[in-house]
Amino acid sequence: MTLVKKVALTLYILFLFTISTAIFFLPHIFIAPYAVFTLLYMLTLRFVFKRNMSTVIQNATALIPFFILAVLFNMFFIDWQIAMLNALRIVVIGIFSFAFAASISTLNIATGIEGLLFPLRLIGIRTAKVSLLIAISVTFVPILRQELKNISDAINLKGRRRWTAYIKLKVITYQIFYRASILGDTLNTKGYK
Amino acid sequence: MEQEKIVLDGVSFRHRGAKKNVFTKYNLVLEKGEFIVLSAKNGGGKSTLARLICGLVAPRRGNIHVDGINTKNGRQFYELRKKISMVMQNPENNLLFDRIWDDMVFGLKNLKIPKEEYEERVANALARVGMQGFENRSTYELSGGQKQRIAIAGVLAMGTEYLVVDEPTSMLDTQGKVEIYELLWKLNARGTTIILTTNILSEKQRGRVIEL
């Protein structure tokens with residue numbers, strides 16, 4: 001990979017971090033413009049760069065339980081309107097991140113992150129490994145979404161409502177660790193130590 | 001030549017938390033170039049044996065050597081991976097990345113294969129599994145049989161001499177099963193040692209069958 005491409009990937013990753021971090025700290029009034037920006041970003045990726053945005057929309061629906069949990073959690077400490085806005089903030093960041101992940105291959109994400117972490121190399125940290133782990137964790141989200149769907153299908157077949165899958169935390173937790181274990185084996189068979 | 005085999009020497013293994021051993025002082029020799037079929041009923045230990053041979057898990061007692069490399073020796077991990085790797089039962093579990101090129105090159109990067117060799121190795125491996133020209137396709141677009149082919153190609157690109165395939169056709173349709181078996185026989189005819197686990201033995205089964 002050429003140096004120009006590596007720098008370009010690093011800057012693109014920096015763009016993601018900057019946008020996502022900014023929306024965390026900016027006042028609530030910026031959530032609406034940020035949501036509009038995310039929509040325009042997705043439309044650009046879809047119609048200019050011909051990227052498939054259907055997986056982004058599918059992954060975004062998986063954020064609904066997190067939105068509900070975030071609202072409920074925040075309501076104990078602040079009023080419900082601020083709680084809703086905070087939860088909305090998380091959802092918009094999530095959707096922007098999914099769109100970003102769909103715009104670039106996982107290995108290129110790893111290359112970009114490796115560029116950002118370059119200073120850590122000077123103190124002996126293996127940035128290539130760290131960046132690859134971070135990039136692979138991005139691919140874990142659709143895998144978990146599929147697991148949640150499998151659980152909800154199984155529950156439905158046993159005569160219960162699908163939404164009860166979201167409260168079967170023990171099953172979900174087990175599946176997360178199981179999938180992580182499988183991921184570890186796959187990495188091992190491909191020579192990743 | 002003396003070392004070109006897989007040797008299981010007094011291997012004992014038990015899953016964590018289990019009361020009984022899956023294997024107790026188990027001995028086995030698998031010669032290079034063979035087509036081995038490890039057969040057992042469900043829960044009979046064939047996947048466990050595949051994982052032991054591949055070095056994914058270590059035996060509690062005894063040793064496993066692949067061409068002289070002890071699978072318990074962490075320092076020889078990369079040498080081991082250049083010799084032997086595995087394709088798992090579920091096609092979804094074998095692929096890590098969205099682009100086929102990325103998935104195949106990942107193994108080459110880990111084994112520190114020179115970058116100049118990537119294109120040729122990937123192209124050759126894809127050609128060997130009948131998927132030439134698929135480098136830039138997405139793994140999400142593939143059928144189950146195609147995913148297993150790509151997984152096998154990924155292992156071939158790494159240059160492994162021993163290919164362990166754990167029930168590779170259990171999640172495929174009839175057509176997919178036929179394609180994968182034909183591919184494995186063809187690879188074996190060209191020198192790759194195949195170690196296949198299955199719980200279904202067909203009368204047309206080739207190779208040496210080992211019942212567990």
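Below, chain A is the first sequence line, B the second, and so on; all start at residue 1. The analysis underlying the following values was restricted to heavy atoms, covering all of them including side chains, and did not include hydrogens, waters or symmetry mates.
Annotation: side chain of B:D102 is not in contact with side chain of B:F106 (no heavy-atom distance under 4.5 Å). Between A:T127 and A:F118 the shortest side-chain heavy-atom distance does not fall below 4.5 Å.
Of the possible donor and acceptor atoms, one in the side chain of B:T139 sits under 3.5 Å from a partner among the backbone N and O of B:D98.
Closest heavy-atom contact between A:A87 and A:V71: CB-CG2, 3.4 Å. For the residue pair A:P27 and A:R89, the shortest heavy atom distance occurs at C-NH2, 4.2 Å. In this structure, A:V92 and A:A35 approach most closely via the heavy-atom pair CG1-CA, 4.0 Å. Heavy-atom minimum distance, B:I100 versus B:F134: CD1-O, 3.3 Å. The two residues B:G33 and B:T193 make their nearest non-hydrogen contact at N-OG1, 2.7 Å.
For residues 144-175 of chain B, the interface with chain A (any heavy-atom pair closer than 4.5 Å) comprises B:M158, sorted by residue number. Residues of residues 78-93 of chain B having a heavy atom under 4.5 Å from any heavy atom of chain A, listed by number: B:Y78, B:R81, B:S85, B:M86, B:M88, B:N93. Against chain A, the residues from residues 40-68 of chain B that qualify, each with a non-hydrogen atom under 4.5 angstrom away, are B:R51, B:L56 in number order.
Within the model, atoms CG of B:L212 and CZ of B:F23 stand 5.5 Å from one another, a figure rounded to the nearest 0.5 Å.
Checked against ring pair (Phe, Tyr, Trp, His ring centres under 6.0 Å), A:Y12 has the following partners two or more places apart in sequence or in another chain: A:F100.
Note on ring orientation: taking the six-membered ring where Trp is involved, the planes of A:Y41 and A:F37 are parallel (angle under 30°, cut-offs 30° and 60°).
Applying side-chain contact (heavy atoms from CB on, under 4.5 Å) to B:R121 and the options B:L126, B:I113, B:V105 leaves one that passes, B:I113.
Cation-pi geometry between A:K129 and A:Y192 is satisfied (NZ or CZ under 6.0 Å from the ring centre, within 45° of the ring normal).
For B:N94, the part lying near chain A is the backbone, with the side chain staying farther off; criterion is any non-hydrogen pair under 4.5 Å.
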